[in-house]
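Bear in mind that the values here come from a model prediction, so they are computed numbers and not experimental data.
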Amino acid sequence: MSSRLLAGAFLVLTAGTCALAMPRSAAAQRLSAQEQKLKSYVEQHQQEEIALLRQSVNIKSATMDLSGVRAVGALYRQVLDSLGFHTRWISMPDSVNRAGHLFAERTGTHGKRVLLIGHLDTVLEADSLRWGMVNDSTAKGAGSADMKGGDVAILYALRALNSIGALDGTNIIVAFSGDEERAGSPLSVSRGDLIAAGKRSDVALAFEGGSRDNATVARRGDSRWMLTVHGRQSHSAGIFHRGVGDGAVFETARILDGFRRALWREKYLTFNPAIIVGGADVTYDTVHVAGTAASKLNIIAPVTIVNGDLRFLTESQKARARARMRRIAEHDNLPETSATITFHDEYPAMAPTKANYALLASFDSVSRALGYGLVKALDPGKRGAGDISFVAPYVTGLDGLGVSGTGSHTPRERVNLNSLPMATERAAVLIYRLTR
């Protein structure tokens, strides 16, 4: 499918959202008596909810702080245990070098089987990034918005449901991964339990950063690529001459510019050469994404290595992009040079589907009934990869249901505390409707 057709397909689905988002009946725009009780519970427990968020933010849990990630998991596990969930901590093999995941489950016979997705880890941590109030409606702290705020919204939505007996008989899995910000390798191990949970669920709801008026029906996938280019080492005075050739650096420049010319116009496709090393003596560490290069200025560089990422909306778009990149890299090389490119899958794409849009319509009806207004689909070009992508091939899904904030992944992270009860109420009522 061409970039124009791909964009058109997404626009058709987006246009369809307007029709899907209209409530199926006037009743969908109103809260039932039980749903009103859910809203009231959240309103009455706002300070407790904020206190739990503050407590979790003050536990440092950067991805590689394994004990800190486990401590956040232990805090949340207490809540889930009190709600009658069967909880378990899933440890990772030593070779994966990650803390593990917290899973909790209730089994029953009511309604749809719902998977709730969050994560325990953060990108940054420091004593200076502990919880603090900025003003009456804004707090700061590492992970306050991404995504401990979303985690707490899940927990208090479940508490609200439990307060009216609405958890009884439901099929709900809660999956809090411990390494979303830096997934362990291999992904078949670090995401194996999440994928298995997705395969036996009907609906997946993920609670990364949200907003009042949009939610995520599609997320781009993430792939890695490595380009290795070889040339003939020789004295620089002979460059471009027969038998000497153009050298690895010029060939690398040709290839990268070829990528740019061939691919940059395709909607929802991005590609970025993040690091490049080249010269006579080159080392590169793929784990730490670091390398060294050394040479004399009168030597034609015999090798360069480029490492980057590729983001895409569908698996077919990824496949087409990879084929074009391979063709540019490995054919029509400059004299006395050669190149190879390899690809490595990271996060799959969460493609926009009619089922995802139908779920968005249900969420929109919930939001309107609660008085929060219209919810539309977020442009997938504005959102990176996330854990919901791993289950997207198997289950209907919606993301972006968490709290709103600013400065994620920076020391300036902030959370809008007014968005916490909104996210919690919308989650509670949506889960209630899905599980009836």
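- The side chain to side chain contact (heavy atoms under 4.5 Å, CB included) test with I172 is passed by exactly one of L83, L158, T107, L115: L158.
- Counting only heavy atoms from C-beta outward, the side chains of L124 and P411 approach each other to under 4.5 Å.
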- Test side chain to side chain contact (heavy atoms under 4.5 Å, CB included) on T122 and L129 and set out the steps. CA-CA 11 Å; T122 64; L129 303 182; over 6 Å; no
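- Under the 4.5 Å side-chain criterion, counting only non-hydrogen atoms from C-beta, E315 is in contact with P348.
- Side-chain contact check for I431 versus L116: some heavy-atom pair is nearer than 4.5 Å.
- Pairing each heavy atom of L359 with each of V203, the nearest pair is CD2-CG1, 3.7 Å.
- Considering all non-hydrogen atoms of both residues, A218 and T216 come closest at O-CG2, 3.2 Å.
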- Task: Run the numbers on R320 and E266 for side chain to side chain contact (heavy atoms under 4.5 Å, CB included), then give the verdict.
- Result: CA-CA 11 Å; R320 291 194 310 275; E266 185 163 338; 3.4 Å; yes
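- With salt bridges taken as basic N to acidic carboxylate O contacts below 4.0 Å, none links K267 and D379.
- Closest approach of I117 to A204, counting heavy atoms only: CD1-CB, 4.3 Å.
- Between I173 atom CD1 and R113 atom CZ the span is 9.0 Å, to the nearest 0.5 Å.
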- Query: Checking side chain to side chain donor-acceptor pair (under 3.5 Å) for the pair S365/R433: CA distance, chi angles, key distance, verdict?
  - Reply: CA-CA 11 Å; S365 294; R433 293 185 178 184; 5.3 Å; no
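- Between F271 and F259, the two ring planes are perpendicular [angle over 60°; tilted spans 30° to 60°].
- Between L155 and L80 there is a side-chain heavy-atom pair separated by less than 4.5 Å.
- Nearest heavy-atom pair across D151 and H119 is OD2-O, 2.6 Å.
- The nearest pair of heavy atoms linking V306 to P273 is CG1-CB, 3.7 Å.
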- Residue pair T283, T292: steps toward the side chain to side chain donor-acceptor pair (under 3.5 Å) verdict: CA-CA 5 Å; T283 66; T292 64; 2.5 Å; yes
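- Checked by atom type and distance alone, the side chain of S223 pairs as donor or acceptor with a backbone atom of H344 at under 3.5 Å.
- Note that the CZ atom of R159 and the CG atom of L52 stand 6.5 Å from one another [nearest 0.5 Å].
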- Message: side chain to side chain contact (heavy atoms under 4.5 Å, CB included) for R98 and D121? Distances and angles first, verdict last.
- Response: CA-CA 10 Å; R98 294 296 186 273; D121 61 321; over 6 Å; no
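- Across all non-hydrogen atoms, the minimal contact from A157 to A427 is CB-CB, 3.9 Å.
- T304 and T252 form a side-chain donor-acceptor contact under 3.5 Å, judged by distance and modelled atom types alone.
- Across Y41, F207, Y156, a single residue satisfies side chain to side chain contact (heavy atoms under 4.5 Å, CB included) together with T424, and that is Y156.
- Taken from CZ in F103 to CD1 in I90, the straight-line distance is 4.5 Å, to the nearest 0.5 Å.
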- Take D65 and S67 through the test side chain to side chain donor-acceptor pair (under 3.5 Å) and record every step on the way to the result. CA-CA 6 Å; D65 182 351; S67 62; 3.3 Å; yes
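- Residues passing the salt bridge (charged side-chain N to carboxylate O under 4.0 Å, His left out) test with D179 are R191, sequence neighbours excluded.
- Using a 4.5 Å heavy-atom threshold, the side chains of R426 and V375 count as touching.
- Comment: K148 does not engage E413 in a salt bridge, judged by the lack of any side-chain N to carboxylate O separation of less than 4.0 angstrom.
- Side chain of S61 to main chain of L120: a donor-acceptor pair is present (N/O by atom type, distance under 3.5 Å, no hydrogens or angles).
- Under a 4.0 Å N-O distance rule, the pair R436/E35 does not qualify as a salt bridge.
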- Item | Residue pair T286, R224: steps toward the side chain to side chain contact (heavy atoms under 4.5 Å, CB included) verdict | CA-CA 11 Å; T286 57; R224 301 288 188 259; over 6 Å; no
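- Ion pair D364/K376 not flagged as a salt bridge, since none of the NZ, NE, NH1 or NH2 atoms sits closer than 4.0 Å to an Asp/Glu carboxylate oxygen.
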- Check against side chain to side chain donor-acceptor pair (under 3.5 Å), Q36 and K39: CA-CA 5 Å; Q36 184 59 55; K39 178 177 173 63; over 6 Å; no
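- A 4.5 Å side-chain heavy-atom check between V174 and Y76 finds every atom pair outside the cut-off.
- You'll find the side chain of L205 reaches within 4.5 Å of the side chain of L434, heavy atoms only.
- Residues E180 and M147 fail the side-chain proximity criterion, which asks for heavy atoms closer than 4.5 Å.
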